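The structure presented is a predicted model; accordingly, all values stated were derived computationally and were not measured. In what follows, chains are A, B, ... by sequence order, proteins preceding strands, each numbered from 1.
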Amino acid sequence: MPMRVLIVDDESPARQRLQRLLADIEGVELIGEAASGIQAVEMIEEERPDLVLLDIQMPGLDGFEVIEAVADPPPVIFVTAYDEYAIRAFEVNALDYLLKPFSRERLAKAIRRTQEALAEEQDFAARLGPLLESLSDQGQYMNRLAVRDRARIRVLDVGEIDWIGIEHEQVIVHVGERAYPIRRTLSELETRLDPANFFRAQRAAIVNLDRVKEVIPWFKGSHKLRLTTGAEVDLSRARARVLREILKW
Amino acid sequence: MTEQKASERTIVRTLLVEILLPALGFGLGVGFATRNYPVSLITGLAISNSIYVLYRLDRAFLHPWLERLSQDWLHLGLEMTFSLLEHVLGALLALFVCSRIFGFAVEVTAAWVALGGMVIVFPIIHGTEMALRFYRQLKEKERVEQELRTLAAQAELKALKAQINPHFLFNTLNTIAQLIHTDPAQAEATVERLAEMFRHVLAGSERRLVPLEEELSFVDDYLAIEQARFGERLRVTREVAPEALDMPVPSLILQPLVENAVRHGRAADGSVDLTIRTQSRGDEVVIAIADQGPGISDGVWEVGGGGHGLRNVDERLRKTYGEGYGLEVADNEPRGAVVIVRIPIGVLGQGSVGGG
């Protein structure tokens with residue numbers, strides 16, 4: 001069965017080139033092209049490709065944000081012209097990446113490696129984790145978060161988020177009146193969101209500190225946070241001590 | 001603390017070197033001749049004081065005027081002449097006043113001896129001091145000039161690096177690699193544009209000022225390449241006043257602004273709508289680069305923000321034309337951001353355009 005490949009690049013000539021070079025490689029079937037990060041998220045979720053050739057610099061949602069937006073990311077070969085940060089991160093995490101303009105042979109080699117890796121182990125998502133973490137180590141906190149708004153993908157600026165909670169084992173992002181379910185864990189979000197703005201109030205909630213209007217004492221040293229939107233979020237006793245340090249109340 | 005100590009030291013030195021020492025020298029010298037030490041010492045003190053007063057007056061009123069002289073040797077020469085005159089005048093004045101007060105006759109010989117001493121001793125003291133100060137100023141001037149040269153070189157290097165943006169270069173090479181197959185004519189044109197861009201950057205790093213026309217054609221080359229990469233999604237409108245085309249402008253200032261607009265001025269659908277406008281307005285040429293993107297509230301437009309090419313351009317404009325001529329960033333009508341460069345006409349002559 002051929003490997004089903006999706007191409008993601010905002011430049012048309014770059015997509016055409018990949019398409020042309022892929023046509024010469026055996027065992028590969030091109031299933032589509034996305035010209036933006038948002039389109040990429042939609043196509044990945046619909047088509048479930050075996051491999052994504054993913055450009056990094058794109059307007060709206062960049063390559064890393066595409067990965068973050070997809071719940072169970074497929075194997076990815078990153079494609080970039082020049083990005084010092086990312087290249088270092090790749091080298092550390094031994095994920096394959098292509099530097100534009102790459103040669104036919106280099107692309108073939110990357111595809112072959114992916115095929116071999118797919119035959120042995122299926123766990124590409126596990127290898128993406130450390131990559132995203134090492135990017136966040138370099139101060140690259142998440143700026144945008146892609147959420148599903150009915151059938152569409154909506155890209156939120158993280159500043160728009162009021163708080164993130166868990167209801168019925170589902171992580172929900174609250175933005176004003178709206179609530180978007182996302183397929184990510186709170187711990188993962190906690191490490192990717194800038195701690196200067198986002199605070200883990202308890203096991204099941206992260207709040208945007210800009211939205212905290214009141215801290216209301218509750219029972220046994222626990223508190224409630226009232227947000228500017230009127231929502232109330234429980235603050236655990238242990239976390240209250242930490243928040244006291246931050247807000248100096 | 002140290003400043004206070006330094007000023008105390010200056011006062012002590014002034015008192016000692018410029019007033020007491022000469023007074024003592026004069027008083028002892030004349031006293032030796034007249035045998036009237038009290039009178040001669042007081043007269044000496046009066047002389048050195050009157051010279052010192054004249055010297056301070058000179059520093060306060062004549063010196064600022066001297067400072068403005070562009071030729072260093074003329075400056076030094078005039079300062080020495082003034083100093084000599086002050087000494088002769090001060091000495092004669094004090095001697096005359098003291099002779100009236102103490103009732104001694106100013107013997108011609110004694111006066112000449114005193115005056116001779118003055119004329120020789122004082123200029124030596126002051127002259128040495130002046131020469132030392134002059135030397136220090138010269139050194140300082142050299143240091144500042146050297147610093148400015150280093151800064152300019154750094155700016156050029158930065159600009160050079162910013163132009164040969166590796167990301168842009170490699171993406172363009174990738175585009176060409178594809179166009180060779182699908183549109184050889186376009187591939188050829190892109191290679192030519194890229195070559196033109198590199199030539200302009202290399203030439204620009206040697207020339208401070210280039211005609212606006214050259215900067216604009218550099219921007220055209222850049223935009224043509226971006227258009228080959230992004231196609232229909234990049235639209236550019238040019239409104240260029242022909243009378244401003246010969247105007248000398250610092251090299252490599254416009255393209256970083258246009259690149260910034262291409263990168264950050266995208267509308268929600270990913271398209272870029274640029275307007276490049278140049279016009280003469282009074283004694284300035286105004287260049288505006290406007291986009292239809294998210295506007296300045298987006299944050300990336302802050303001139304001080306690093307990494308967006310704006311800061312270097314802003315710095316160079318302010319260093320070339322003065323603090324009032326930095327980049328201006330504003331909201332564009334009806335949406336987007338606009339970056340404005342103002343260049344004063346006639347501040348830097350046409351003669352400085354061109355030439356290696």
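Contacts of B:Thr182 with chain A are made by side-chain atoms alone, with heavy-atom separations under 4.5 Å and no backbone atom involved.
For the set B:Ile176, B:Thr172, B:Asn171, B:Leu179, the count of heavy-atom pairs under 4.5 angstrom toward chain A peaks at B:Asn171.
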Taking distance alone, no hydrogens or angles, what donor-acceptor pairs closer than 3.5 Å link side-chain atoms of residues 29-36 of chain A to residues at least two apart or in another chain?
unit_1  : atom_1 : unit_2  : atom_2 : d
A:Glu33 : OE1    : A:Arg15 : NE     : 3.3
A:Ser36 : OG     : A:Gln39 : N      : 3.2

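A distance of 8.0 Å separates CD1 in A:Ile56 from NE2 in B:His167, rounded to the nearest 0.5 Å. Put simply, CG on B:Asn174 and CG on A:Asp9 are 7.5 Å apart, with the number rounded to the nearest 0.5 Å.
Along residues 223-230 of chain B, the residues that come nearer than 4.5 angstrom to chain A, judged on non-hydrogen atoms, are B:Ala228, B:Arg229, B:Phe230 in order of number.
The minimum heavy-atom distance between B:Ala177 and A:Arg20, with the atom names listed, is O-NH2, 3.4 Å. For B:Phe170 against A:Pro101, the heavy-atom pair with the smallest separation is O-CD, 3.7 Å. The minimum heavy-atom distance between B:Gln178 and A:Arg17, with the atom names listed, is OE1-CA, 2.8 Å.
Checked against side-chain contact (heavy atoms from CB on, under 4.5 Å), A:Arg148 has the following partners two or more places apart in sequence or in another chain: A:Glu45, A:Ile153.
Between B:Arg233 and A:Asp10, the closest side-chain pair of non-hydrogen atoms falls below 4.5 Å. Annotation: side chain of B:Leu173 is not in contact with side chain of A:Lys100 (no heavy-atom distance under 4.5 Å).
For CZ of A:Arg48, the number of neighbouring non-hydrogen atoms (other residues, nucleotides, ligands) closer than 6.0 Å is greater than 12. No more than 12 heavy-atom neighbours from other residues, nucleotides or ligands sit within 6.0 angstrom of CZ on A:Arg104.
Within the structure, no pair that satisfies the salt bridge (charged side-chain N to carboxylate O under 4.0 Å, His left out) test touches residues 180-190 of chain B, not counting sequence neighbours.
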